[in-house]
Amino acid sequence: MISLSKVFKSFGPIDVLQGVDLSIERGKSMVIIGGSGTGKSVCLKCVLGLIKPDQGLITVDGQDVQTAEREAFLARFGMLFQGGALFDSLPVWQNVAFRLMRGSLKRPKEEARDIAIEKLRRVGLKPEVADKFPAELSGGMQKRVGLARAIAADPEIIFFDEPTTGLDPIMSGVINDLIREIVVEMGATAMTITHDMTSVRAIADDIAMLHNGVIQWTGPVADMDQSGDPYLDQFIHGRAEGPIEAVR
Amino acid sequence: MNFIGMLAHLGRTVMALLAAIGRITLFALNTVKHLFSPPFYGKELFAALVQIGWLSLPVVGLTAFFTGGALALQIYAGGARFNAESVVPSIVAIGMARELGPVLGGLMVAARVSSSIAAEIGTMKVTEQIDALVTLSTNPMKYLTLPRVLAATLAVPILVAVGDAIGIMGGYIVGTERLGFNAAAYLKNTVDFLTLADITSGMVKGAVFGFIVALMGCYFGMNSGRGAQGVGRATKSAVVTSSVMILAANYILTEAFFSA
């Protein structure tokens, strides 16, 4: 289980997280929604230890993320970055098998390549893509390669940062379906950040809305439309009028 | 601005400078620390050696060649005032090996390598590739910084030695073809006056300059701001800072090696 308790984070004078409390049950898919600049990515990076919170406690299965042994801790995670974050200098298969070619999960090169090709196939890419470089791929293909990399080492926990941003609706649907299938198939715990309400409905078991640095509402996705929370209602219906100021 | 305001501004500037020196020193110590603990990334080190050493050879070689030639002309013209034209071979050799070879080689590598390292790592930072490395259980200091710094520290002295030879050859060609020196006498003068200490001091300077160049590229890349402007600023800072540090380090090393 992932637990955030009273997490605060500021950047200079800007208070981004102001006491975030959130729990994600093992095997559940949690989607965090909220306006741009509300600290969703900061929240996710705090869990991974990429950003150190100013105050508060973040634990994964009861272990404090700040004191956990880094390599073993990070070996449990896979992450799909917003822009893919593929390494330009490496061919696709080496991007996917990056973790399998170094460190404690290192395997022989041929085995790592075979696993990479299998993961590429899992996200709907042909083996011919394996030897291309990221710059030769379209945005949607890069996202899929990023997804293949995220699942390459069969992680227990997968994070998705804006998985459909910049993609057309059809490709967004493909990525959403893939994420849902992979999470169910692997039994992984998932944490996704998105603005895309189609993604929310396709991916989420539970949702949490981050606003003004705190979790404004959290609950099962089935309850989202009847939450009665004016902030959540305004957000999911995309209304300009409401308690959330349109000009921020 | 009143006097107190000026003092406050001066104080802020000095504090910011000291803080930057502290951050760079910690970054350097952190880099060196990784030399002594696995994992080591041999493929990345080899790629950096090719990128920094082999691919810098044309620019360093051309710079040294033309500098050696120009130096021969200048020394000949200056020496003629004292009937001392015969010092051309020895001064070209000593000047190239002790000073111009390492300094110009270092500056050319700073322009070519420091900028490309800062731009590459800065772009990796703004596109979240550095964060991706961390999530893939790979320490960016070990994977990106150490191979580049180690490669530059090893490759630049060799570049300097090759540059010295090419620079001396430039002086030789100008001396024999343009200034009328006897080829055998020119070579004998060069060999007789050049000592091993001249060559090794230049190579030690090269190692220090290589370390500075790669360290500054990595430091400014890793601390790059957001967007194209942030990467551009990091690149500019890496080149300017490494160039100034090379000239400062050159003075300190020259004092250490050659002061009476």
Side-chain angles (χ1 to χ4, degrees), chain A residues 11 41-42 44-52 65 68-90 94-106 109 134-135 142 145-147 149-153 155 157-162 165 191, chain B residues 12 16 19 30 33-34 37-52 55 113 116-148 151 217-218 221-228 230-231:
Chain A
F11 294 97
S41 292
V42 173
L44 190 147
K45 287 181 179 179
C46 283
V47 177
L48 280 168
L50 295 174
I51 294 175
K52 193 175 176 186
V65 302
E69 200 278 310
R70 290 301 288 163
E71 186 171 350
F73 174 75
L74 288 168
R76 301 176 63 188
F77 288 85
M79 173 142 181
L80 171 60
F81 285 85
Q82 188 175 346
L86 301 177
F87 305 124
D88 311 315
S89 57
L90 300 178
Q94 288 189 27
N95 266 280
V96 175
F98 192 90
R99 183 174 267 171
L100 306 175
M101 296 171 74
R102 293 162 184 84
S104 58
L105 300 175
K106 187 172 179 177
K109 194 174 174 183
Q142 288 189 19
V145 174
L147 186 52
R149 184 173 70 182
I151 61 170
I157 303 162
I158 314 178
F159 288 175
F160 304 98
D161 188 0
E162 309 270 7
T165 298
M191 185 167 161
Chain B
R12 275 195 297 275
N30 194 13
K33 186 187 82 181
H34 286 296
S37 62
F40 303 109
Y41 296 105
K43 263 177 69 180
E44 280 65 33
L45 176 63
F46 179 74
L49 278 168
V50 170
Q51 185 63 35
I52 295 168
L55 296 178
V113 172
S116 80
I117 291 176
E120 184 184 2
I121 295 182
T123 305
M124 288 183 77
K125 188 177 179 212
V126 300
T127 56
E128 296 185 301
Q129 291 179 51
I130 305 278
D131 284 345
L133 273 178
V134 176
T135 63
L136 293 165
S137 307
T138 302
N139 186 326
M141 291 295 287
K142 270 193 186 300
Y143 185 75
L144 296 174
T145 302
L146 182 62
R148 285 164 173 78
C218 293
M222 288 281 190
N223 292 285
S224 166
R226 288 182 180 185
V231 176

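The basis for the numbers below is simple: all heavy atoms, side chains too, and nothing from hydrogens, waters or symmetry mates.
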Cut-off 3.5 Å, no hydrogens considered: what does the side-chain donor-acceptor table look like for residues 78-86 of chain A, sequence neighbours left out?
none

- Item | Least distance between heavy atoms, B:K142 atom then B:L146 atom | O-CB, 3.9 Å
- Set of side chain to side chain contact (heavy atoms under 4.5 Å, CB included) partners for B:I121, sequence neighbours left out: B:I117, B:I130, B:L144, B:R148, B:C218, B:M222
- Per-residue contact mode, B:T123 against chain A (heavy atom under 4.5 angstrom): neither
- Where do A:D161 and A:F159 land on the side chain to side chain contact (heavy atoms under 4.5 Å, CB included) test, with the steps shown first? CA-CA 6 Å; A:D161 188 0; A:F159 288 175; over 6 Å; no
- Can the ring centres of A:F87 and B:Y143 be said to be less than 6.0 Å apart? no
- Task: Give the minimum heavy-atom separation between A:R99 and B:L136, together with the two atoms involved.
- Result: NH2-CA, 3.3 Å
- Task: Would you mind checking which part of B:T127 comes under 4.5 Å of any heavy atom in chain A, side chain (CB onward), backbone (N, CA, C, O), both or neither?
- Result: backbone
- Query: Quick one: salt bridge (charged side-chain N to carboxylate O under 4.0 Å, His left out) pairs with a partner in residues 121-130 of chain B, sequence neighbours left out?
  - Reply: A:K45-B:E128
- Task: Using heavy atoms and a sub-4.5 Å threshold, report which of residues 40-52 of chain B line up against chain A, by residue number.
- Result: B:Y41, B:K43, B:E44
